[in-house]
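Working notes for the structure below.
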Amino acid sequence: MIRVRFAPSPTGFPHVGNIRTAMFNWLFARRHGGKFIVRVEDTDQNRLVSGALDSILEALDWLGLQWDEGPNVEGPYGPYFQSQRLRHYESITDQLVKEDQAYYCYCTPERLTCMRKRQQSLKQPTGYDRHCLNLSSPEKDKMHGASKTRVIRFRMPNDRSIILEDLIGGKVSWDSNLLDDFVILKSDRYPTYHLANVVDDHLMEITHVLRAEEWLPSTPKHLMIYQALNWNAPLFGHMPMILGPDKSKLSKRHGATSALEYKEMGYLPEAMINFMALLGWSLDDHTEIFSQQDLVKGFSLDRVVKSAAIFNKEKLDWMNGLYIRSMDLDDLTVRLEDYWKEFPDQALSIPNNVSRDYLLKVVSLIQERLKLLSEAQELTGFFFLDDTDLEIMELIQKGMDAEVTFLALNVTLNELRAMDSFNVQNLEKCLLDINTQLKLSRKQFLGMLRIALTGKKISPPIFETMEVLGRDRCIRRLELARSWLS
RNA sequence: GCCCCCAUCGUCUAGUGGCCCAGGACACCAGCCUUUCAAGCUGAAGAUCAGGGGUUCGAAUCCCCUUGGGGGCACCA
């Protein structure tokens, strides 16, 4: 049984890089009928951010990445919060100390900083100098009694060649002499990441560790802990990073980096999933659009690339528009309503008496013009505004003057009043006739109507728009426009 | 400074020794459509496969070096 995990630390928002890693884990688990576990790495008590975990889980939830074990989903390997698993780490460190594979260190932060500086200036590799390992027994006893702050360090064996067969990167090797005796248990009795992730991955029977490439340099440390404990290490796969447009690690200064910001901006989860999957993975040389099921079916680690990718927002935009266009009208309308409910400041102010039917008609007119859910407000506001609230600017078209415009509005008003059924076909026929009679270009005449009826230079096709608005409102708006002329 | 990773159009990528003087997608440009904006369609442009050495009958594909980029070197994860 394949078991993979996503191990977020609740110290910040759900970064898209992390969320993509979560997604690859999820895909891998689903592809192979395995389990996807969320484990909360809350061992840094100083950096905990309240609400961070909730937003991380919310992001997973938004994207439909359901976990099989983890917060709110009890499983046989719990608890899934590292802060609740301290006894495990303690018993392991006790064992390692007893076996001389780890030792207490009493060095002050000041001494360590100073040591590091010296090494830098001497152009040596930086790392702990084993000062406390080399303490004599009486010295140790003395320090142990006197010092209130002590940590436990892993004793890195000398002269070992450490080899990793990475699932994505291939063979990578390190020389253990370049690795130092790193801390595994902090002075507050919490483990460091290095220890905790090894202990938990083992105890939770994780089979594949798929994590970001930034972890690659610390993997030899983890491998050595597995070895010291005589445990089989899981398989590792290091995912390429996501970079900002300047090719540095994606960060806040590049704009949105939280998955939930994308939700707020009006991206669809299915577009987000599809787009992120293509950042570092491909099925073949031509497939771009995937349903979640296709993705699960087609996903494989050996098609994950090694090189980092730049987050290409233009392509995401295109893809989001594509998904919006391919949706059922009802579905899109429901999505918009949900979106407006969640982000009221981006919502239309829709009067209570608007019928569902009217809403559907409006949405149908903007569906293929929408790239983001958030754009609906700007595109359709005039459908819901009171007639008197329209702002009429530039009513008089190029090559026309107030007089001609006035006349055109007059003629149009008369015809519209007399028209039979107020539908697209009749409107088109009638208005194009008037257009011809008036000897105006379509651009002039229809442009004028557009401004008078919508207050905008850009709108859905004007005949459709008029049908949806209905005769009464069209006539009122044209009358208002006419009155503004004089 | 030390360690590790990476390197194909602006961007995401296909490519695992001959099918490639390199294919697809986004963006860009042009044309068509047209009532504005989109959408759609058609087409164009865009990569001497980072550079240099090898190996081979043959290299984007294998090896080495250089350069460039990235990541890591905490009692953070």
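Chain naming here is simple, since letters A, B, ... match the order of the sequence lines and numbering starts at 1 in each. Side chains included, hydrogens not; waters and symmetry mates left out as well; all remaining heavy atoms used. What you see is a predicted model; the values in this text were computed from it and never measured.
Taking the P atoms as reference points, B:A50 lies 14 Å from B:C6, given to the whole Å. The separation of B:G18 from B:U56, taken at their C1' atoms, amounts to 12 Å, rounded to a whole angstrom. Spacing between B:C9 and B:A60 at atom P, rounded to whole Å, works out to 15 Å. Distance noted for atom P between B:C12 and B:G54: 32 Å (whole Å). If you take atom P in B:C75 and the same atom in B:U66, they sit 33 Å apart, rounded to whole Å. Taking atom C1' on both B:G23 and B:C32, the two are 26 Å apart, rounded to the nearest angstrom. Taking the P atom of each, B:A47 and B:A22 are spaced 10 Å apart, rounded to whole Å. Taking atom P in both B:U61 and B:G72, one finds a spacing of 30 Å when rounded to whole Å.
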Distances under 3.5 Å between nitrogen or oxygen atoms of protein and nucleotides 34-36 of chain B:
unit_1, atom_1, unit_2, atom_2, d
B:U35, OP1, A:Arg442, NH1, 2.3
B:U35, O2, A:Arg450, NH2, 2.4
B:U35, N3, A:Ile462, N, 3.4
B:U36, O2', A:Lys457, O, 3.1
B:U36, N1, A:Arg450, NH2, 3.3
B:U36, O2, A:Ser459, N, 2.9
B:U36, O2, A:Ser459, O, 3.1
B:U36, N3, A:Arg450, NH1, 3.4
B:U36, N3, A:Ser459, O, 2.6
B:U36, O4, A:Pro461, N, 3.2

Polar pairs (N or O, both sides) under 3.5 Å between protein and nucleotides 61-71 of chain B?
unit_1, atom_1, unit_2, atom_2, d
B:G71, OP1, A:Lys249, N, 3.0

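Between B:C6 and A:Lys306, a contact under 4.0 Å exists linking OP1 or OP2 to a side-chain N or O. The phosphate of B:A27 has neither OP1 nor OP2 within less than 4.0 Å of any side-chain N or O from A:Lys313. Between A:Arg325 and B:G40 there is a side-chain N or O to OP1 or OP2 distance below 4.0 Å. Contact between the side-chain N/O atoms of A:Arg116 and the OP1/OP2 oxygens of B:A74 is found at a separation under 4.0 Å.
Note on A:Glu288: a base of the nucleic acid sits closer than 4.0 angstrom, heavy atoms only. Within 4.0 Å (heavy atoms only), A:Gly280 reaches sugar-phosphate atoms of the nucleic acid but no base atom. Nucleic acid contact class of A:Ser173 (heavy atoms, under 4.0 Å, all strands): sugar-phosphate only. At a threshold of 4.0 angstrom between heavy atoms, the contacts of A:Glu314 are confined to the sugar-phosphate backbone, with no base atom among them. The residue A:Lys186 sits close to a base: some heavy atom pair falls under 4.0 Å. Counting any heavy atom pair closer than 4.0 Å across all strands shown, A:Val172 reaches sugar-phosphate atoms only and no base atom. When heavy atoms are screened at a 4.0 angstrom cut-off, A:Ser282 is found touching the sugar-phosphate backbone but no base atom. Residue contacts for A:Arg153: at a heavy-atom cut-off of 4.0 Å it reaches the sugar-phosphate backbone alone, with no base atom in range. At the heavy-atom level, A:Arg303 lies under 4.0 Å from the strands shown only through sugar-phosphate atoms.
Both A:Asn312 and A:Gln124 lie close to RNA chain B; mapped to their nearest nucleotides by heavy-atom distance, the more 5′-ward contact belongs to A:Gln124. In this structure, A:Thr43 and A:Leu279 both approach RNA chain B, and ranking their closest nucleotides by distance from the 5' end singles out A:Leu279.
Atom CG of A:Leu27 is separated from atom CG of A:Leu301 by 10.0 Å, given to the nearest 0.5 angstrom.
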| said: Run the side chain to side chain donor-acceptor pair (under 3.5 Å) test on A:Asp200 and A:Tyr89 for me, step by step, so that the C-alpha distance in whole Å, both residues' side-chain angles and the decisive distance to 0.1 Å come before the verdict. | reply: CA-CA 9 Å; A:Asp200 287 340; A:Tyr89 315 124; 2.6 Å; yes
| task | Could you go through the side chain to side chain contact (heavy atoms under 4.5 Å, CB included) check for A:Val304 and A:Leu167 one step at a time? | result | CA-CA 9 Å; A:Val304 174; A:Leu167 262 13; over 6 Å; no
| task | Kindly indicate, with the supporting measurements, whether the criterion side chain to side chain donor-acceptor pair (under 3.5 Å) is fulfilled by A:Gln82 and A:Glu41. | result | CA-CA 5 Å; A:Gln82 290 187 325; A:Glu41 311 235 323; 3.2 Å; yes
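Under the 3.5 Å distance criterion, with hydrogens and angles disregarded, a donor-acceptor pair is assigned to the side chains of A:Thr219 and A:Arg211.
Residues A:Glu378 and A:Arg369 are not paired through a salt bridge, judged by the lack of any N-O separation under 4.0 Å between the basic side chain and the carboxylate.
Few gaps surround CD on A:Gln84; more than 12 heavy atoms of other groups in view lie less than 6.0 Å from it.
A donor-acceptor contact shorter than 3.5 Å is absent between the side chain of A:Arg473 and the backbone of A:Leu453.
In summary, of the residues considered (A:Phe28, A:Phe24, A:Phe36, A:Phe236), a ring-ring contact (aromatic ring centres under 6.0 Å, His included) with A:His208 occurs for A:Phe28 alone. Partner of A:Asp181 under the side chain to side chain donor-acceptor pair (under 3.5 Å) criterion, chosen from A:His131, A:Arg130, A:Arg153: A:Arg130.
Residue side chain A:Ser307 does not reach the base of B:C6 through any donor-acceptor N/O pair under 3.5 Å, judged by distance alone.
In this structure, A:Trp281 and A:Phe299 have tilted ring planes: the angle between them lies in the 30° to 60° band.
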